[in-house]
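Scroll down for the structure; my scribbles are underneath it.
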Amino acid sequence: MCDHHEEKFRIHTPDFDKLHRQLGRRDFLTKTSMGIGALALGTLLGNKLFSNASRLAAGNAAGDTEQEILKAIPHFAPKAKRVVYLFMAGGPSQFETFDYKPALDKLWGQNLPDSIRNGQRLTGMSSGQALLPVVPSAFKFNQHGESGAWISELLPYTAKVADDLCIIKSIHSEAINHDPAITFLQTGNQLPGRPSIGSWLSYGLGSDNENLPTFIVLVSKDAPKDQPLYARLWGNGFLPSEYQGVQFRSGVDPVLFLNNPEGYDGADRKEMLEYLSKLNQLQHNTYGDPEIEARIAQYEMAFRMQTSVPEVMDVKDELDEIFDLYGPGSRDSGTYAANCLLARKLLEKDVKFVQLYHQGWDHHGNLPGNMPRQCRSIDQATGALITDLKRRGLLEDTLVIWGGEFGRTVYSQGKLTPTDYGRDHHPRCFTMWMAGAGVKPGISFGETDDFSYNITKNPVHVHDFQATLLHLMGIDHERLTYKFQGRRFRLTDVEGKTVRDILT
Amino acid sequence: MILLDILTFSGRLHPLIVHLPIGFLLLATLFNLLSYTRKFAYLKQAVPITLLAGFASAVLACIFGYLLSLRGDYDADALNNHKLSGISLAAISGLLYFTTTSFFRKEIPVPRPLFSILLICMLALVSYCGHQGAGLTHGHDYLTMQVLLKQERPKPDRVEDALLFEDVIQPILQAKCVQCHRNGKNKGDLALEDIKSILKGGKNGPAIVPGNADSGELIRRVMLDEKHKDFMPADGKPPLTKNEVQLIRWWVSKGRAGMNKTIAVLGDSAILRPMVAQYLGLGAVEGKEPGEVTEHINPEIPLTADTSLINKLRNAGFKVRLMLKKPLMLDVTLPAGSGIKATACKSAILPLAKNIIWLNLSENGFTDGDLDFLTALINIEKLRLDRNPITDKINKQLIGLKHLEAVNLNATGITTSGVDELKKNAAIRRIYYWKTAAAQ
């Protein structure tokens, strides 16, 4: 290496001066507002610093700790330390899973009464139908556990853990199509561009394990890809990019570009990164762009992940009994079952937010044929995850969430025959469940009418669900904000009310 | 309706306008007295016009004052006194001005010393009238020797010592109700200054019914919807928070609206105790929105801790997560296989023992003897000791922990009898003993 590498970046070269003059309005504003931005960031990082004991311990005076305590975020004593969110993309039908509607049996094929529909908009897929024939579930329901929760025969393993679930039958959304609905549930807004729940938590609470990302995403490979998923669902939005979700893939390369390239042994990787970090720091001193800091953090994280990721992905220490518990798919990396098992391992390592996605729930037609297969692909592993977390004592401070982006209609989309029907999108009510830290186990919350079309008791809006989730993590959803383009944004926008009745 | 509103509005200007005659009349007297000196002799000619201004503003103040009195709700006697003295003051100042006019002086010349004496007497009337007026607005004990000599009750240091009425309920009423409901103002014929008048009630019946929190006008009105016409405090004054209403209800029902009762005498209540603590600023949750019922937080957790101790804990290799700032609640984790010696662990943890609410020591090779410091963690709620070579003897450490809610003893040497013994600690709700000899 030449000597001048040790020198500081020479700022007054003619080229650099030219570049400097070209600083646009936007850059200027970004740069000048950085002072305040950095302060705000510091406030929220209080807790992150807290967890990074090794980095801080050395030079930290008592005064700094005091400052950290002042700035750290918890607004309430948290009940949950980690979250695993099992996202059922596509909109699972509440009729064939949790919302038992025996009264529908007598109404098979009758038109949906206007008094129930009440002018609700329909999607373009069924709005042209002359008839909206009511169709009951083709599958039987039974009561399970001491709580006597009604659960469909399609979910026998979930039924076994019924007493651990808090089943919310009255979730309602505002969007009627997949993209806006899933974006709404994940980011609190129907339009893309806002940070995902996991990013907000990561930003607000920081990491409990500096060797792994705070927000990890796993997408099932064994699901029909009927509706697409896209990385912005776990994106950081306007938050610094180090808070985005990191997707772990199946196969040899769980995190893309993490492995050393062929022919390079990685021996001087650390040294290289230190130089790179120095250069980036110089750049940061000049421009003050927060994205440079984010980049430095990401390089460091990637370096640590070169060891931590292979370690956590390795399942050879798991006993056969565990694989049997999670089901046959669990030995095949990338399936929903394997992802559930991996999620448990990540949670054990104190990863704060693990999000699984399982597509294929969009049953507009042939629901009786598709639904059993779809339920089978998630049921055993979901039940196993609860069982496994519970016996390990992790359900104590881990919150498990299961649900899709909306529900499905009581009427059949397309032709109704004695053996076949489909269901269209229905945002006015659907079922989700939560289990674990801080949530009352073995209860059913909220009620819908006989058609599961309207909510009759205890509605829970998507923003209410999000507010409750943040509350369990110790955050007041009204106080976790980020200023962007002149406005303070929050996950729940200007709404949301913590659902206190389901909290322990 | 609009006309009435203008009148009401003008009435409210009275407390502002009254200061004009006070100032002018004081100034007229001052000029008059100063004019005896040679240096200020020229001020003599300013006296009549100042008096005239005083007279005019006094008349205005009387009119506005009359409009204000129409809104009622004042003590009739005090109001009458003030009204009479105010009107006579205006009349006297007018008369005195009249004596300075050339028309009057031609008929009856007033000797100069007599005029000065009359002015001073008028000032006495100003003071009397002003005091009466102030009494109407601020209460008759606002500016008395009693107030000066009254002793503040010292704020209690512990929730147990607090007297429910004296330390909690009375300050609430004082802050939110007494401005209108007190002797001398008596809106709705109700005064809430002391226990006697509270029990007496107002024109719509008793304010509270001891022992019954669901009847009584006071409780009914503060719990109405804010838009309801009977809602109190009226006129958009700051309403009582949910906590305050709860406390008052508790005092009425459980405390039978009595005095000299401590929280302890009234029996503990999981929800109300922290509310009292919060109200008194003892072990309170900071930054809580008003009106929000507080979550139950163990009041024995110290509010703060020496932050250098947290640094020491970190330097020892622990991960410290802040659960709450005030009281300072910590979630402490020792990474699995840290290799830390038990003595080092003990000395790092002990100074913060009362602040540690969650503790995770799993997979660190600790034995029963190593963990003899656990008894000091009196506020701990969740404890993980899984995958450590401990046995039933660990129960000795855990049995006395009053707040311990969940213990993780997975993959340890615990046995069925150990688990049964541990269940004797009534606080413990969940024990995990997977992969142990204990029967599942």
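The chains referred to below are lettered A, B, ... by the order of the sequence lines, with proteins before strands, and numbering in each begins at 1.
The residue among M329(B), K435(B), E405(B), K382(B) with the most heavy atom pairs within less than 4.5 Å of chain A is K382(B).
Surrounding NZ of K393(B) are at most 12 heavy atoms belonging to other residues, nucleotides or ligands under 6.0 Å away. Counted within 6.0 Å of OH on Y157(A), heavy atoms from surrounding residues, nucleotides or ligands total 12 or fewer; the atom is thus considered open. Applying the 6.0 Å contact sphere to CZ of R430(B) captures more than 12 heavy atoms from other residues, nucleotides or ligands. By the 6.0 Å contact criterion, NZ on K312(B) is open, its count of non-hydrogen atoms from other residues, nucleotides or ligands being 12 or less. Environment of CD in E321(A): crowded, with over 12 heavy atoms of neighbouring residues, nucleotides or ligands closer than 6.0 Å.
Once rounded to the nearest 0.5 Å, the distance linking CE of M323(B) with NZ of K81(A) reads 8.5 Å. Going from atom CG of N360(B) over to atom CG of D350(A) covers 7.5 Å, rounded to the nearest 0.5 Å.
Proximity to chain B is limited to the side chain of L394(A), based on heavy atoms less than 4.5 angstrom apart. Looking at T333(B), only its side chain comes within 4.5 Å of chain A, counting heavy atoms on both sides.
Smallest separation of non-hydrogen atoms from D388(A) and W434(B): OD1-CH2, 4.5 Å. When all heavy atoms of D208(A) and K319(B) are compared, the pair lying nearest together is O-NZ, 3.3 Å. The two residues N408(B) and R392(A) make their nearest non-hydrogen contact at ND2-O, 2.9 Å.
Remark: side-chain polar atoms of N410(B) are paired, donor with acceptor, to backbone N or O of R391(A) under 3.5 angstrom.
Side-chain contact between E396(A) and V407(B) is absent, with no heavy atoms from C-beta onward closer than 4.5 Å.
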